[in-house]
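In this text the structure is predicted, and so the values were computed from the model without any measurement. Reckoned from all heavy atoms, side chains included, excluding hydrogens, waters and symmetry mates. Numbers here simply count residues along the sequence, with the first being 1. We count ligands from 1, going down the list as the structure has it; atoms in each ligand are counted the same way.
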Amino acid sequence: MIEFLQKRKSRRFYLDKPVEKEVIEKLVQAALLSPSSRNLHPWDFIIVQDKGMIEKLAASKIHGSSFLKDAPLAVVILGNSDKSDVWIEDSSIAAILIQLEAESLGLGSCWVQIRNRKHSEEETAGDYIRGVMELPMNYHVECVIAVGYSDEKRESASLEELDYSRVHNEKLGIPYREED
Ligand SMILES: Cc1cc2nc3c(=O)[nH]c(=O)nc-3n(C[C@H](O)[C@H](O)[C@H](O)COP(=O)(O)O)c2cc1C
C-alpha cells in the first residue's frame, strides 16, 4: 500500500484516449463503496464524458481547473446537504477513493476544488456548475475529479522526505520521532 501511495501523484496531462466503460464502472464501484457517516451516503456522482460539458467544467475557476479540458472523463462529486450535515467529509472520501481506484487501474487523476472557490467576482464555482448542470439547491459540488491515461512522468514521493515534524507523540509539540 505505501509503495502504491508513493506512486500516486496528481496528473493534469492526458493521452487522447477514452476511458473504457469497464474502467468507469470500477470507478463508480469505488465511489459507491465509500464509507460515510451513519452510512447515509449523502453523495451523488455525475460521470461526464461529453466534450462540451467537460469544457464548461474546465471553465469553473479562473485558476486550477483549465487542465480539465483535455481530460476524457470528469466525475462531478456532489454532496446532498438534506441527507447529512457531514456531506463534505463523506463526498471527499468518495473522491479520494475514486482517485485511488483510478491509480490502481493505471490511470491518472486530479482533484479540482469547487466548494468555497470562485468562478468570477460575482459567482461561486459551485453556483456556476449548478447553473450549467441544472442542479437543485440541496446538491453542492465538492469537487470534480479529472481522470484519464496520464501523459506525464512524475517521480514517486520519497519516504525520506516525509515531514515527520507534523507528527506528535501523545501531545502536540512532542516529536513522534526522537531525532525530530
Ligand atoms: C482538497 C484538494 C483540492 C485540490 N484542488 C486542486 C485544484 O483545484 N486544481 C489542481 O490543479 N489541483 C488541485 N489539487 C491537487 C493538489 O494540488 C495536489 O494534490 C498537491 O499539490 C499534491 O500533489 P500530488 O497530488 O501530486 O501529491 C487539490 C487536491 C486536494 C486534496
Backbone of A157 reached by a side-chain donor or acceptor of Q6 within 3.5 Å: yes
Counting each atom of ligand 1 from 1 as listed, which ones have a heavy atom of [X] under 4.0 Å away?
{"X": "K9", "value": "26 (O), 27 (O)"}
{"X": "C110", "value": "10 (C), 11 (O), 12 (N)"}
{"X": "R154", "value": "26 (O)"}

Who's the nearest protein heavy-atom neighbour of [atom], and how far?
{"atom": "atom 22 (C) of ligand 1", "answer": "S10 OG, 4.7 Å"}
{"atom": "atom 27 (O) of ligand 1", "answer": "R8 NH2, 3.0 Å"}
{"atom": "atom 14 (N) of ligand 1", "answer": "W111 O, 3.4 Å"}
{"atom": "atom 9 (N) of ligand 1", "answer": "G64 O, 2.9 Å"}
{"atom": "atom 8 (O) of ligand 1", "answer": "K61 NZ, 2.6 Å"}
{"atom": "atom 21 (O) of ligand 1", "answer": "R12 NH2, 4.5 Å"}

Does the side chain of [X] reach to within under 4.5 Å of the side chain of [Y], using non-hydrogen atoms?
{"X": "H41", "Y": "S36", "value": "yes"}
{"X": "W87", "Y": "R115", "value": "yes"}
{"X": "Y139", "Y": "P42", "value": "no"}
{"X": "I46", "Y": "V75", "value": "no"}

Any donor-acceptor N or O pair under 3.5 Å, side chains E103, Q99: no
Polar contact flag, side-chain donor to acceptor under 3.5 angstrom, H140-S81: yes
Part of R117 within contact of ligand 1 (heavy atoms, under 4.0 Å): neither
C143 and ligand 1 - part of the residue with a heavy-atom distance under 4.0 Å: neither
In one Ile/Leu/Val/Met/Phe/Trp/Tyr side-chain cluster, 4.5 Å: I98, V23: yes
Under 3.5 Å: N/O of V112 near N/O of ligand 1: no
